[in-house]
Amino acid sequence: MYYGEKNLVVPAGVEALTYSHVGEQTIDATVSYVAGDVIPAGEAVVLHSTEELTESKDYTFVVSATAGEKVAGNILKGTDVETEIAAEEGKWIYRLINGTHGVGFYRSIEGEGTTFTNGAHKAYMEIAYDAGSASQPSLAPLFIGLLPGDGVVTAVEELNVDGKKSGIMYNVLGQPVDASYKGIVIVDGKKFINK
């Protein structure tokens with residue numbers, strides 16, 4: 001959820017989560033706002049019900065004249081109107097969808113679309129990295145879970161091997177690297193340490 005110009009009071013039965021870096025290679029959710037707290041204007045959050053949902057359940061967020069406190073390090077962004085979001089150099093973007101690993105944030109990657117349309121008042125995630133660095137970024141999960149404790153450590157989630165040997169080296173993020181790259185590499189589906 002995202003409202004650029006409205007402070008909203010969290011109703012009973014709901015908590016609002018923000019996301020931030022935890023350590024070097026993990027992103028995790030934190031329950032930042034609970035019932036009665038005010039989500040400040042311009043703060044993107046993911047809403048989570050703390051009670052069993054029924055068809056008749058209705059949650060009303062009341063507008064508040066008082067602004068709540070923003071959470072430092074929140075990597076969620078949002079849009080007030082339907083907006084085309086495009087990856088920029090030095091940033092990865094993640095959209096909230098129900099994908100192959102369930103509901104969560106999925107990175108928009110080359111070949112699968114580096115842009116997407118974000119709905120009105122919806123959150124998305126943006127992670128910055130040093131595009132000018134000779135080494136690859138250390139944090140690039142393809143999927144980030146929704147709830148606290150679902151943090152994702154950078155890893156290769158799966159390999160798509162069609163039986164042909166390409167000889168191309170990849171780092172653990174799945175990015176092509178050359179022979180000068182130091183660390184764990186994957187060549188034709190096998191992991192090696194390149195010293």
Side-chain angles (χ1 to χ4, degrees), residues 1-54 56-83 85-88 90-108 116-130 137-155 157:
M1 180 175 77
Y2 175 85
Y3 280 85
E5 298 180 6
K6 294 181 181 177
N7 304 307
L8 301 172
V9 179
V10 178
V14 175
E15 58 191 14
L17 311 173
T18 59
Y19 289 76
S20 60
H21 294 278
V22 178
E24 285 287 316
Q25 296 188 358
T26 304
I27 292 173
D28 210 354
T30 302
V31 176
S32 298
Y33 306 98
V34 295
D37 288 346
V38 176
I39 302 169
E43 182 84 311
V45 297
V46 171
L47 301 176
H48 177 251
S49 174
T50 59
E51 55 193 24
E52 187 176 333
L53 295 176
T54 63
S56 62
K57 197 65 178 168
D58 183 25
Y59 298 110
T60 302
F61 288 77
V62 177
V63 175
S64 172
T66 305
E69 285 190 42
K70 288 195 173 219
V71 174
N74 185 11
I75 58 176
L76 293 179
K77 307 289 182 195
T79 54
D80 280 319
V81 296
E82 193 170 282
T83 305
I85 305 297
E88 300 172 19
K91 294 180 183 175
W92 284 308
I93 53 174
Y94 293 76
R95 61 185 172 154
L96 182 60
I97 60 171
N98 187 4
T100 57
H101 297 291
V103 177
F105 287 95
Y106 289 80
R107 191 174 92 201
S108 292
F116 65 91
T117 301
N118 198 54
H121 307 296
K122 295 200 176 197
Y124 67 95
M125 189 177 292
E126 182 178 274
I127 299 176
Y129 65 91
D130 183 2
S138 63
L139 180 62
L142 298 177
F143 168 75
I144 298 170
L146 280 181
L147 300 176
D150 283 349
V152 176
V153 176
T154 301
E157 293 192 17

For Gly4 and Ala41 the tightest heavy-atom approach is O-CB, 3.5 Å
Minimum-distance pair of heavy atoms, taken over all atoms of Gly68 and Pro40: O-CB, 3.3 Å
Polar side-chain atom of Asn118 near backbone of Ile85 as donor-acceptor pair, under 3.5 Å: no
Donor-acceptor pair, distance only, cut-off 3.5 Å: does the side chain of Asn7 make one with the backbone of Val38? no
Taking atom OG1 of Thr83 and atom NZ of Lys122, what is their separation to the nearest 0.5 Å? 12.5 Å
Begin from the C-alpha positions of His121 and Asp80 and carry the test side-chain contact (heavy atoms from CB on, under 4.5 Å) through to its verdict. CA-CA 5 Å; His121 307 296; Asp80 280 319; 3.3 Å; yes
CZ/Phe61 to OH/Tyr3 distance, rounded to the nearest 0.5 angstrom? 9.5 Å
Minimum heavy-atom distance between Ala29 and Tyr19, given as atom pair plus value: CB-CE2, 3.6 Å
Supply the atom-to-atom distance Lys77 NZ to Ile93 CD1, rounded to the nearest 0.5 angstrom. 13.0 Å
Keeping the roles fixed (side chain from Tyr33, backbone from Val9), state whether a donor-acceptor pair exists under 3.5 Å. no
Partner of Glu43 by side-chain contact (heavy atoms from CB on, under 4.5 Å), out of Leu8, Thr18, Leu76: Thr18
Distance in Å, Tyr2 OH paired with Thr79 OG1, rounded so as to fall on 0.5 Å steps: 8.0 Å
Report the distance from atom CD of Glu15 to atom OG1 of Thr30, rounding to the nearest 0.5 Å. 11.0 Å
Taking Lys70 for its side chain and Gly42 for its backbone only, find out whether a donor-acceptor pair lies under 3.5 Å. yes
What pair of heavy atoms forms the shortest contact from Tyr59 to Pro11, and how long is it? CB-CG, 4.0 Å
Between Ala44 and Ala123, which heavy-atom pair has the shortest distance, and what is it? CB-CB, 4.0 Å
Expected output: side-chain Ser49 to main-chain Val14 donor-acceptor under 3.5 Å: no
Thr66 backbone acceptor or donor facing Ser64 side chain under 3.5 Å: yes
Using 0.5 Å steps for rounding, measure from the CE atom of Met125 to the CG atom of Asn74. 8.5 Å
Report the relative orientation of the aromatic rings in Tyr124 and Phe116; use parallel for angles under 30°, tilted for 30 to 60°, perpendicular for over 60°. perpendicular
Keeping the roles fixed (side chain from Ser32, backbone from Ala16), state whether a donor-acceptor pair exists under 3.5 Å. no
